[in-house]
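What follows is a set of notes on a single structure, which appears directly below.
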Amino acid sequence: MTVNEIDKRLGAHVAADELLGLAWLVATGDDVITGAIGHLDATRATPMRTDTIFRISSMTKPLTAAAASILIDDGVLDPAEPVDRLLPELAGLRVLAHPTAEVADTVAANRPITVGDLLTFRLGWGMDFADFAPKPFDAAWSALDLGWGPPTPARMLPPDIWLRRLGTLPLQYQPGERWLYHVGASILGFLVARAASKPLSEFLAERVLRPLGMTDTGFSVPPDKLARFGPHYSETDGTRTVFDPVDGQWSTPPAFEGGGDGLVSTLADYYRFARMLRDGGELDGIRVLSERAVAAMTTNHLTAEQLARGGPGPGNSAGWGYGVGVQLRDQLDGPRAGAYGWAGGLGSTWSNDGAVTAILLTNETWSSAGPSPVFATFEQILGETARRRDPL
């Protein structure tokens, strides 16, 4: 598929004003093509570029999982060990008697939360994709100002305070029982920081970002790069408003380095990370992860029962590895079984499907109606490219 063909299909969504602009990358083996369409700002004064820096939101999760996997490779962490050795704030937790119970109605936990529970999002806390009805637990979470919703790094509590407050709440489910979204990645980031005895940003820089040459990825954008970093928009009832300006929450380093949603990055940077995973943990002769660690990250760990109760993909179509969704069966117009990757609610997605890597970055938050139709179009492009490369 050519640059012009992809630009035409994706550009139709920008022309329809579904979103202001986007940048894309499709790599087949070592053959990489990229494009940028539309604009960074609502005044349409600044064209989108392939080196634009984007808020990647939940595409942070795979990088945090990779950081933890490095510590597992180093023998510093073990997936089976309880996290309370390093996170004593989470020792002796209790569990809601049932999901809709008042927070004081609890039972004892069957076992402690483990490192593996954080990596697989089976710790007992998180967003339930199968039931978004409000519950007493949600009100208690909000009352403690723990942050539930789109990423707002500058408004989050410092990590130690956040963890102490979190430890006053019961778990929603027993450890290991359910897959619940997001919270495991936030805690995992703080676990990595304590295990490494340095901030998550420093460990990521030393062991992932610098070795891979990811020079534009981090928890904030330095002043000399703000020209490549536009405002971010959200949409409510058809009205586009600024969610975060250029000099907003990502313009200074945050106290809360969100392992689930805090990073910014570019097409080129994220491709280097994706290619490292695609190549078994090594890039340009530099090994970042063991092959065993990559296999653990990119293999589904959820049971059939857990998937049936609510997993990361519609209709049990996807499982969960370490920080990534794993496709369990072929999609008619999308990735095939075995593909893996993840998306971000601020308007981004990435997948590795065999020898094909596809990345789409935008500057608009998914609306309450869901992601823009451009993401379905991009999944079709990924699927078509992967099948041409490696027909079934």
Side-chain angles (χ1 to χ4, degrees), residues 53-72 76-77 83 86-90 115 118-119 121 123 125-126 141 144-167 181-212 214-223 225-226 229 232 243-244 247-266 269-270 273 288 322-324 342 344-346 348:
I53 300 171
F54 293 86
R55 303 156 184 83
I56 62 170
S57 189
S58 287
M59 281 171 58
T60 302
K61 290 175 171 66
L63 284 151
T64 303
S69 297
I70 289 169
L71 290 171
I72 293 171
V76 176
L77 292 176
V83 301
L86 292 167
L87 304 176
E89 298 93 337
L90 306 186
V115 174
L118 298 185
L119 285 161
F121 287 12
L123 65 159
W125 275 317
W141 182 280
L144 291 174
D145 199 23
L146 294 173
W148 200 266
T152 51
R155 300 173 193 162
M156 294 295 290
L157 297 166
D160 291 348
I161 296 174
W162 189 87
L163 282 165
R164 283 200 300 271
R165 291 191 184 184
L166 178 65
Y181 188 57
H182 181 65
V183 177
S186 297
I187 300 173
L188 186 66
F190 300 141
L191 180 75
V192 168
R194 291 208 181 159
S197 299
K198 61 187 65 177
L200 175 62
S201 56
E202 289 186 20
F203 185 78
L204 273 174
E206 290 176 7
R207 300 297 298 273
V208 180
L209 305 182
R210 284 201 290 269
L212 292 178
M214 297 174 66
T215 57
D216 289 325
T217 302
F219 287 102
S220 62
V221 181
K225 296 184 179 182
L226 286 175
F229 183 63
H232 195 89
F243 167 70
D244 185 67
D247 59 353
Q249 296 187 75
W250 278 267
S251 63
T252 55
F256 187 103
E257 295 180 342
D261 56 13
L263 289 173
V264 299
S265 193
T266 61
D269 273 17
Y270 213 89
F273 174 72
V288 174
Y322 287 176
V324 300
W342 199 235
L346 295 188
S348 60

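Across Ala185 and Gly260, no two heavy atoms sit closer than the pair CB-CA, 3.6 Å. Contact between Ser220 and Ser251 at its shortest, heavy atoms only, is CB-C, 4.5 Å. Ser57 and Gly344 make their closest contact through CB-CA, 4.0 Å (heavy atoms, listed as atom of the first residue, atom of the second, distance). Heavy-atom minimum distance, Gln249 versus Asp244: N-OD1, 2.9 Å. What you find for Thr60 and Gly262 is that their closest heavy atoms are OG1-N, 3.4 Å. In terms of heavy atoms, Val76 sits closest to Ala195 at CG1-O, 3.9 Å.
Here the side chains of Phe219 and Pro253 are not in contact, with every heavy-atom distance at 4.5 Å or above. Considering only heavy atoms from C-beta on, Lys61 stays 4.5 Å or farther from Leu188 through its side chain. Put simply, the side chain of Val83 does not reach to within 4.5 Å of the side chain of Ile187, judged on heavy atoms. Two residues are said to be in side-chain contact when any heavy atoms from C-beta on lie closer than 4.5 Å; Leu77 and Leu191 meet this criterion. In this structure, the side chains of Glu206 and Lys198 come closer than 4.5 Å at one or more pairs of heavy atoms. In this structure, Phe54 and Ser348 have side chains that are not in contact, with every pair of non-hydrogen atoms separated by 4.5 Å or more. A 4.5 Å side-chain heavy-atom check between Leu90 and Trp125 finds at least one atom pair inside the cut-off. Residues Ile70 and Val288 have side chains in contact (heavy-atom distance under 4.5 Å, counting atoms from C-beta outward).
Between the side chain of His232 and the backbone N or O of Arg55, no donor-acceptor pair lies under 3.5 Å. Here the side chain of Tyr270 pairs a donor or acceptor atom with the backbone of Met59 at under 3.5 angstrom.
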- [ ] Output, in order, the C-alpha distance, side-chain angles, deciding distance and verdict of side-chain contact (heavy atoms from CB on, under 4.5 Å) for Asp261 and His182.
- [x] CA-CA 9 Å; Asp261 56 13; His182 181 65; 3.4 Å; yes

- [ ] Just do the side-chain contact (heavy atoms from CB on, under 4.5 Å) check on Leu166 and Glu89 with the steps written out, would you?
- [x] CA-CA 8 Å; Leu166 178 65; Glu89 298 93 337; over 6 Å; no

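Taking CG from Leu118 and CZ from Phe190, the interatomic distance works out to 12.0 Å, rounded to the nearest 0.5 Å. Leu63 contributes atom CG, which lies 7.0 Å from atom CG of Leu209 (distance to the nearest 0.5 angstrom). Note that CD1 of Ile72 and CG of Leu119 are 5.0 Å apart. Values are rounded to the nearest 0.5 Å. With values rounded to the nearest 0.5 angstrom, Thr266 atom OG1 is found 8.5 Å from Lys225 atom NZ. The distance from atom CD1 of Ile53 to atom CG of Leu226, rounded to the nearest 0.5 Å, is 8.0 Å. For the atom pair Leu263 CG and Asp216 CG, the distance stands at 12.5 Å (nearest 0.5 Å).
In this structure, Glu202 has no salt bridge (Lys or Arg N to Asp or Glu O under 4.0 Å) partners at least two apart in sequence or on a different chain. A search for side chain to side chain donor-acceptor pair (under 3.5 Å) contacts involving Ser201 returns Glu257, not counting sequence neighbours. Listed by chain and residue number, nothing satisfies the salt bridge (Lys or Arg N to Asp or Glu O under 4.0 Å) test with Asp269 (two or more places apart in sequence, or in another chain). Residues satisfying the ring pair (Phe, Tyr, Trp, His ring centres under 6.0 Å) test with Phe203, not counting sequence neighbours, are none. Considering only residues two or more places apart in sequence or on other chains, Phe229 meets the ring pair (Phe, Tyr, Trp, His ring centres under 6.0 Å) condition with none of them.
Aromatic ring pairs are classed by plane angle as parallel below 30°, tilted from 30° to 60° and perpendicular above 60°; the pair Tyr181 and Trp342 is tilted. Trp162 and Phe256 have perpendicular rings, their planes meeting at more than 60° on a 0 to 90° scale where under 30° would count as parallel.
Sorted by first and then second residue, the salt bridge (Lys or Arg N to Asp or Glu O under 4.0 Å) pairs with a member in residues 154-163 read Asp160-Arg194; sequence neighbours excluded.
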